[in-house]
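All values below were derived from every heavy atom in this structure, side-chain atoms included, with hydrogens, water molecules and symmetry-related copies excluded.
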Amino acid sequence: MIALLKRDLALAIRAGGGFGLGLAFFLIVVTLVPFGVGPQSELLARIAPGILWLGALLACLLSLDRILALDWEDGSLDLLATAPLPMEGIVSIKALAHWLTTGLPLVLAAPVFGVLLNLAGPGFFWLTLSLAIGTPALSVIGTFGAALTVGLKRGGLLMSLLVLPLYVPTLIFGAEVARRGAEGMAVETPLMMLAGITLAVIALLPFASAAVLRVNLR
Amino acid sequence: MILQADNLTVTRGGIPVLEGVGFALPPGRALVLRGPNGIGKTTLLRTVAGLQPPLKGTLTGAGERVAYAAHADGQKATLSVEENLRFWASVFGQAEIAPALAAYQLDGLRTRAAGQLSAGQKRRLGLARLMVTARPVWVLDEPTVSLDREAVAMFAEAVRAHLAGGGSALIATHIELGLDGDALDVTPFRARPAAADDFDEVFL
Amino acid sequence: MASIWEYANPKKFIDTSNRVIPGLWVLALLCLVTGLIWGFFFTPDDYRQGSTVKIFYLHVPSALMAINAWFMMLVASLIWIVRRHHVSALAARAAAPVGMVMTLIALFTGAIWGQPMWGTWWAWDPRLTSFLILFLFYLGYIALWEAIENDDTAADLTAVLCLVGSVFAVLSRYAVNFWNQGLHQGASLSLDAEENVADVFWYPALVTMAGFVLLFVLLVLIRTQTEIRARRMRALLARERMQ
């Protein structure tokens, strides 16, 4: 399992783009928003938590189809399926690798991008915290979507259609934590919900992902 | 332990392609599958490897004892030969990769990225992977594709060594490997379609 | 008594449903026509909402069926996963477009009703938002069925998606509730609510709801027959290719 994680990380670093692409996309979204809504700093400050969360979510979505598709094409998935690793473990490691290469950089970069959008002072901490708690769920749910569409040619668009509705609860609670934090309100309830969803998803969804992956490998 | 298939029916795309397949493969022996293209050899091998369940019949001695190799080698282009082998070795809980490198004369290429290998060299790397799995039953689907004559000899030698060590091999191939083993022509097992008018629940 | 699973045989299913369908047609039409005419023309106008309230006879039953259709798909998917009856998987597939259309009807009639009442076609109210999300779930489910060539694979994958989707749909419902408290009125019809709509509105609504249920069953039966035949055809073609 550790070997698989190491290999995936090595691949992401060597192929380039693994780390960079999602971040660059995030930056572009953050840059484009003021062009769309106008440069007034009060308005930007008000929508900053939501935009940052949405940008992180879209950046995450961008790289989902790489989670399993490459291994599918070169036959690695078949071989991994016959290896002495449980399929649930494989998809969990895949999700973890995706989070380390995509989610974690987004979490670390979000405060910097918050400056661009004039995020209110207390918001920085809560934004970073909510992303740190919420993005693992995005990776795990995304792995489920990737497992559903792995055998399909041009499955990327379909995967977005399948995955985005599943992102709704995480987005709502995550952005709510960031918004309330920025406005100095109590954040306990949405924070608990966000953490609960992430934990439940990490615990349960790999079983569904493994099941659909087995079906797709038949 | 003998790899045994009894009355196996395998399906492709939900339709049976081979039915009533039976064979026994004791340790130290090889079994070569023969038959025309599209008859279902790949499907049979994938079933034996546990990638898909059989529709009917029983399969014993497979499962965690099988190392499977097919057309796609599962090697990453950006990793070196050594890194690829080490990865598969550690997935299967092994550490030793030197014999595999030696058997397929990959020593000189160990730091070369797999993406820069020729098709034949890639294939050799893919076959070397079998040796680091330490699994007794090799299930091979057209292993000699894009291998030159010398590489085929390397492969045959590796299989012979594997058999001598108490392993067994189930191979679908069209060329003569000179192995100590039997051949099984799967053509007679071709599934006969059910009568077209019976409206079965499973739509076969 | 014969087991219910006998109807999992496609031939038996088609034969039996063929016997039921004409009767269902009559009953469904009867209920719909009676309920709608009764509701539209023979109930008094609401003292606050005037005659606009009458769209409720389309809005509420369609919203009800939008949710129940998903529930039916969930049950059918579970039956497919546990018992591997193909008819069950095909019934789930057949119900999805019906459910999606019901969701659309609920959304549109809601917008038409909302315009005079709230002064807006659309508000990000929890109920409206949940229905929009439900619509997206239907869309994804149907798209996945369409995208996969192998029927058994498609049945397995969509069944798992339906299960996972159900959990997330419920979760989204709570999340959306939390996110915005909303201006939609509470459920206007329920058996135990203290404040319920008056009986004059209640009876025709019951009749239309029965009509919608019957219509749903009818459409799903017909569509399942179609799916069975299409599946049969694909199986025959595949078999022919193999000869």
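- Contacts between Val91(B) and chain A at a heavy-atom distance below 4.5 Å involve backbone atoms as well as side-chain atoms.
- Only the side chain of Glu83(B) comes within less than 4.5 Å of a heavy atom in chain A; its backbone stays farther off.
- For Glu150(B), the CD atom is loosely surrounded, since the number of other residues' heavy atoms within 6.0 Å does not exceed 12.
- To the nearest 0.5 Å, atom CZ of residue Arg218(A) and atom CG of residue Leu51(B) are 12.0 Å apart.
- For chain A, no part of Ala70(B) is nearby; none of its heavy atoms comes within less than 4.5 Å.
- For the pair Lys76(B) and Leu70(A), the minimum side-chain heavy-atom distance is below 4.5 Å.
- Residue-environment remark: CG (Leu204(A)) exceeds the threshold of 12 foreign heavy atoms within 6.0 Å.
- Residues of residues 79-93 of chain A lying under 4.5 angstrom from chain B, judged on non-hydrogen atoms, are Leu79(A), Leu80(A), Ala81(A), Thr82(A), Ala83(A), Pro84(A), Leu85(A) in numerical order.
- Interface check for chain B: of the options Gly75(A), Ser76(A), Ala10(A), the most heavy-atom pairs under 4.5 Å are formed by Ser76(A).
- Contact annotation for Arg86(B): neither backbone nor side-chain heavy atoms come within less than 4.5 Å of a heavy atom of chain A.
- Heavy-atom pairs under 4.5 Å with chain B were tallied for Arg214(A), Arg7(A), Glu73(A); the largest tally goes to Arg7(A).
- Shortest non-hydrogen contact noted between Ser90(B) and Ala3(A) is OG-CB, 3.0 Å.
- Under the 4.5 Å side-chain criterion, counting only non-hydrogen atoms from C-beta, Gln75(B) is not in contact with Asp74(A).
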